[in-house]
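Working notes for the structure below.
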Amino acid sequence: MREFLQKKSSQYLRGKNIERVSIIVENRSAEFLTRATKLKELKEAGVNPYPNDFKPETTASEVVRGFGALTKEELEAKRHPVCIAGRIMAIRDFGKASFIQIQDMSGRLQAYIKKDFLGEDGYALFKKCDMGDIVGVGGTLFRTRTNELTIEVTALRLLSKGLHPLPEKWHGLTDVEARYRQRYLDIMVNPEVKEVFLKRSMIVQYIREFLTSRDYIEVETPMLQPIPGGAAAKPFKTYHNALSMELYMRIAPELYLKRLVIGGLERVFEINRNFRNEGISTQHNPEFTMLEFYQAYATFEDLMDLTEELVSALVIKIHGRLKISYQGQELDFTPPWTRISVYDAIRKYANAPEEIFTNKAKALEFSKKLGIEVAPGLSHGKVLIEIFENTAEHRFSQPTFVTLYPLDVSPLSRKNEKDPSLVDRFELLIAGREIANAFSELNDPVDQRERFEGQLNERAAGDIEAHEMDEDYVRALEYGMPPTAGEGIGIDRLVMLLTDSPSIRDVILFPQLKK
RNA sequence: GAGCCGCUAGCUCAGAUGGUAGAGCAUCUGCCUUUUAAGCAGGUGGCCCCGGGUUCGAGUCCCGGGCGGCUCACCA
C-alpha cells in the first residue's frame with residue numbers, strides 16, 4: 001500500500017489538472033494509510049473531499065431545543081427538515097443502515113443513514129466516511145425505537161476527510177502531554193474540557209459587561225516596553241531590529257493605564273497578557289491573562305466593594321449560587337468578605353512578638369525562628385511579608401481581603417494617612433491564593449520619584465526584581481493624576497476557581513511546554 | 001533548579017521473580033435496515049521514549065539523556 005500511495009502521489013504531482021496530493025507516507029499508522037487510500041479513491045471518483053460550499057441551516061443543540069419536546073407521532077406528522085454539519089464522533093453500522101453521532105460546536109445529534117434513502121451512490125460515499133470526518137447532512141426529524149431524536153438522512157456530503165483516527169471513544173484522550181500539545185483533540189473528545197473554555201469565555205465576557213456598564217472603557221497598552229514596570233518580576237527580553245533597541249515583554253500594564261487616567265480616561269480597563277520569565281507550576285504560566293482596571297476618585301476601599309460585587313456576580317453566573325466547591329473545599333462567596341490587615345493576620349496566625357512590626361532586627365530574628373530563609377539585604381517590610389506568606393496567607397481559604405501592606409513592598413501605592421509606613425492596598429485571597437491585588441494609587445510625583453530611587457537602591461543591593469526608574473512615568477504624574485484606585489485580577493486563577501480546575505494549564509488553551 | 005512518579009499498537013491500559021510483546025476500543029474482512037461504548041466471527045497492527053552497560057538473553061536490572069506530571073523553591 002505504501003508503494004502504491006507513493007507512486008500515486010508523484011503521479012498527482014506531475015499531473016496538470018489533478019489536485020496536488022502530498023501525503024507523507026513514511027511513519028504513518030496503518031489506519032492513516034487506509035484513510036489516505038479512501039481519500040485518493042474519492043478524488044478519483046470525482047468527489048471533492050474538501051468542498052466549501054455547504055451551509056448548515058441549524059445546529060445540533062438548536063434542533064434539540066426546537067424539537068426535543070415533540071413526541072414520535074408529532075415529529076412524524078411534521079416531517080420537519082433540518083440540515084446540520086459536524087464531525088462524526090460515532091458510527092454504529094448495521095450493513096445497509098447506520099447510526100452516526102454528529103458533533104458541532106453546540107453539541108451532538110444522532111443521524112440515521114439508510115441505504116433506501118441515500119441510494120447506492122450515496123451509501124457508497126458514506127462507506128468511505130470514517131469517524132472523525134466532517135460531514136453535512138440533510139433530512140427529516142424522527143424518533144427511534146429508543147426514543148432518541150434523530151435525523152433521517154436523505155442527503156450526505158463529505159466536508160472534510162480526517163486522516164488520523166480519533167482517540168478512544170470511551171476514555172477520550174487522557175495523556176496530559178498529548179492533551180496540551182494537541183488541544184484540538186482534547187476539546188474534540190473531552191466535553192468537560194470544552195466546558196471549561198466556554199466558561200472562561202463567559203467569565204471574560206461578563207467582566208467586560210460589568211466594567212463597561214460602569215462607564216469603564218477598554219484599552220490596549222504596549223506589550224513591548226522599553227522599561228518593564230508595574231510589578232516586581234523578571235521580564236523576557238527581546239530586540240527590535242529597525243529601532244536597534246532592547247525591549248521587554250511587559251510584566252504589567254499598570255504604568256501605561258495610569259498614564260491614560262492622567263490623560264482624562266478616568267475609568268479604564270485592559271484584559272490582556274502579561275509575561276514573566278519565571279518558574280512554571282500549577283499556578284504559573286510564563287504568559288498569563290490579567291485584568292487591570294483603574295478608577296479615578298475611588299479608593300482601595302471602593303474597589304473592595306466593587307470586587308465583592310464583581311466576583312460574587314461571576315460565581316452566580318457560573319454556578320447559580322454563592323457556595324461552590326473547589327478541589328474538595330467549600331468556598332462561600334456571600335458578601336461581605338472578611339477584611340483583615342497584614343499585621344493583624346500575622347498577629348492571628350504567627351504568634352509573633354509585637355516588636356517585629358517596629359524593629360527589623362526582631363523581625364529577622366523571628367523569621368529565622370520560623371525557619372524562613374531571608375536574603376541579607378531584605379527590607380523590614382519584605383521580612384514582614386515573608387512572615388505573612390509563610391504563616392498566614394495559605395490559611396485564608398474563604399474569600400478574604402488582606403489590607404494595609406508595608407510601604408517598601410508597594411512602590412506604586414499611596415501611603416496610609418494614619419500610618420505612613422503602610423500603604424492603602426489589599427490583596428484578595430481565595431483558597432489560599434492571591435486572586436487580586438489593588439491599591440489607592442500613588443499620585444504624588446515627588447513621593448513616586450523617591451520610591452523609585454528606593455527601588456534602585458534595593459536593585460543595587462541585589463534585588464533584581466526591584467522596580468526600575470521610569471522617568472517618563474514620573475513626568476506624567478507631574479502633570480497631575482486624579483486620586484485613583486487600581487486593581488489587577490488574575491483571570492487564569494479566577495477561572496481555575498470557578499471551574500474547579502487544579503492546574504492553570506487546565507484553563508489555558510495552549511500552556512507553555514518544552515521543545 | 002531539586003525530589004518523587006510516568007513514558008509499551010492510533011487511543012486507554014496489562015505485562016511478579018530477566019526467557020518468542022498482550023487486552024479493550026479504533027482499523028480491515030464477512031454477517032447484520034432502529035443502534036446507544038450496538039452485536040457475532042475472523043484478521044492486521046509495535047524503534048516497548050532515546051543512548052550506553054550488565055547478561056547466553058533486557059519492555060523488565062544498572063548508568064546517562066529526553067519529554068511529561070506532582071511536590072518544593074521563585075512568583076501572580
Side-chain angles (χ1 to χ4, degrees), chain A residues 1 27-35 37-38 72 89-101 108 110-118 123 130-132 142-150 152 162-182 185-186 188-190 230-235 251-252 274-292 372-373 375 385-386 389-390 393 427-429 433-437 463-465 488-494 496 502-506 511-515:
Chain A
M1 192 195 288
N27 298 321
R28 296 294 194 174
S29 69
E31 186 164 355
F32 183 94
L33 297 175
T34 303
R35 286 167 175 247
T37 303
K38 288 181 184 173
K72 197 174 176 122
M89 298 305 289
I91 300 176
R92 293 185 278 274
D93 185 353
F94 288 83
K96 295 185 181 65
S98 299
F99 289 96
I100 65 175
Q101 289 281 339
R108 285 188 185 188
Q110 183 171 263
Y112 183 50
I113 316 276
K114 198 163 142 181
K115 198 171 184 177
D116 296 351
F117 294 126
L118 277 184
Y123 206 73
D130 292 296
M131 256 207 285
F142 78 110
R143 279 188 189 281
T144 63
R145 274 180 204 159
T146 51
N147 215 33
E148 179 156 347
L149 187 66
T150 303
E152 194 172 79
L163 295 173
H164 289 287
L166 255 36
E168 210 225 15
K169 59 184 171 188
W170 189 242
H171 299 93
L173 187 68
T174 61
D175 180 77
V176 180
E177 187 173 358
R179 286 184 44 226
Y180 296 152
R181 292 193 194 275
Q182 294 182 278
L185 288 179
D186 195 23
M188 200 185 294
V189 303
N190 295 328
K234 299 183 200 80
I251 54 175
N274 287 348
F275 305 87
R276 298 189 185 174
N277 205 341
E278 283 158 1
I280 294 178
S281 77
T282 50
Q283 289 180 72
H284 301 84
N285 195 62
E287 52 182 306
F288 62 101
T289 301
M290 183 79 114
L291 160 69
E292 281 202 16
I372 304 168
E373 276 185 47
I385 284 298
E386 282 291 330
E389 286 176 354
N390 279 278
E393 189 174 45
E427 286 193 4
L428 171 60
L429 300 181
R433 300 171 184 174
E434 183 189 335
I435 298 298
N437 178 21
D463 183 354
I464 54 171
E465 292 189 357
I489 297 181
I491 296 297
D492 312 277
R493 288 184 178 180
L494 184 63
M496 285 169 68
S503 168
I504 198 168
R505 297 181 203 101
D506 297 326
Q512 199 58 243
L513 298 176
K514 268 199 180 183
K515 196 174 74 177

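Letters A, B, ... are given to chains in the order of the sequence lines, protein chains preceding strands, and every chain is numbered from 1.
B/G53 and B/G68 have their C1' atoms separated by 26 Å, with the value rounded to a whole Å. Nucleotides B/C62 and B/G1 place their C1' atoms 26 Å apart, quoted to the nearest Å. For the C1' atom pair drawn from B/A9 and B/U27, the interatomic distance equals 11 Å after rounding to whole Å.
Note on A/Ala232: only backbone sugar-phosphate atoms sit closer than 4.0 angstrom, heavy atoms only; bases stay farther off. Using a 4.0 Å heavy-atom distance criterion, A/Asn285 is classed as a base contact. Counting non-hydrogen atoms under 4.0 angstrom, A/Arg181 reaches the backbone sugars and phosphates but no base.
The residue among A/Glu287 and A/Gln512 whose nearest nucleotide of RNA chain B is located toward the 5' end is A/Gln512.
Checking side-chain atoms of A/Arg276 against main-chain N and O of A/Ile251 turns up a donor-acceptor pair under 3.5 Å.
B/U29 is paired with B/A41 under the criterion used here, namely a Watson-Crick or G-U wobble arrangement in which both key atom distances are under 3.5 Å. Across all strands shown, B/G46 forms no Watson-Crick or G-U wobble pair with both distances under 3.5 Å. Under the Watson-Crick and G-U wobble criteria, each requiring two contacts below 3.5 Å, nucleotide B/C13 is paired to B/G22. Within the shown strands, nothing qualifies as a pairing partner of B/U55 under the Watson-Crick or G-U definition with both distances less than 3.5 Å.
Using a 90° window around 0 for the glycosidic torsion, B/A23 falls outside it and is classed as anti.
At least one side-chain nitrogen or oxygen of A/Arg505 sits closer than 4.0 Å to the OP1 or OP2 atom of B/G69. Side-chain nitrogen and oxygen atoms of A/Arg92 include at least one within less than 4.0 Å of the OP1 or OP2 phosphate oxygen of B/A38. Between A/Lys169 and B/A37, a side-chain N or O to OP1/OP2 separation shorter than 4.0 Å is absent. Contact between the side-chain N/O atoms of A/Ser281 and the OP1/OP2 oxygens of B/C70 is not found at any separation under 4.0 Å.
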With 3.5 Å as the limit, what N/O pairs link the protein to nucleotides 11-14 of chain B?
from	atom 1	to	atom 2	distance (Å)
B/C11	O2'	A/Glu168	N	3.0
B/C11	O2'	A/Gly172	O	3.2
B/U12	OP1	A/Thr174	N	3.1
B/U12	OP1	A/Thr174	OG1	3.4
B/U12	OP1	A/Asp175	N	2.9
B/U12	O3'	A/Thr174	OG1	3.1

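Between B/G68, B/C70, B/C74, one nucleotide has an atom nearer to the side chain of A/Glu177 than all others, and that is B/G68.
Counting atom types as modelled, A/Glu148 pairs no side-chain N or O with a base atom of B/U35 as donor and acceptor under 3.5 Å.
Ring stacking is absent between A/Phe32 and B/G10, as the pair misses the limits of under 5.5 Å between centres and under 30 degrees between planes.
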* Quick one, give me the B/S/- string for nucleotides 27-34 of chain B, reading 5' to 3', where B means a protein heavy atom under 4.0 Å from the base and S means that only happens at the primed atoms, P, OP1 or OP2. => SS---BBB
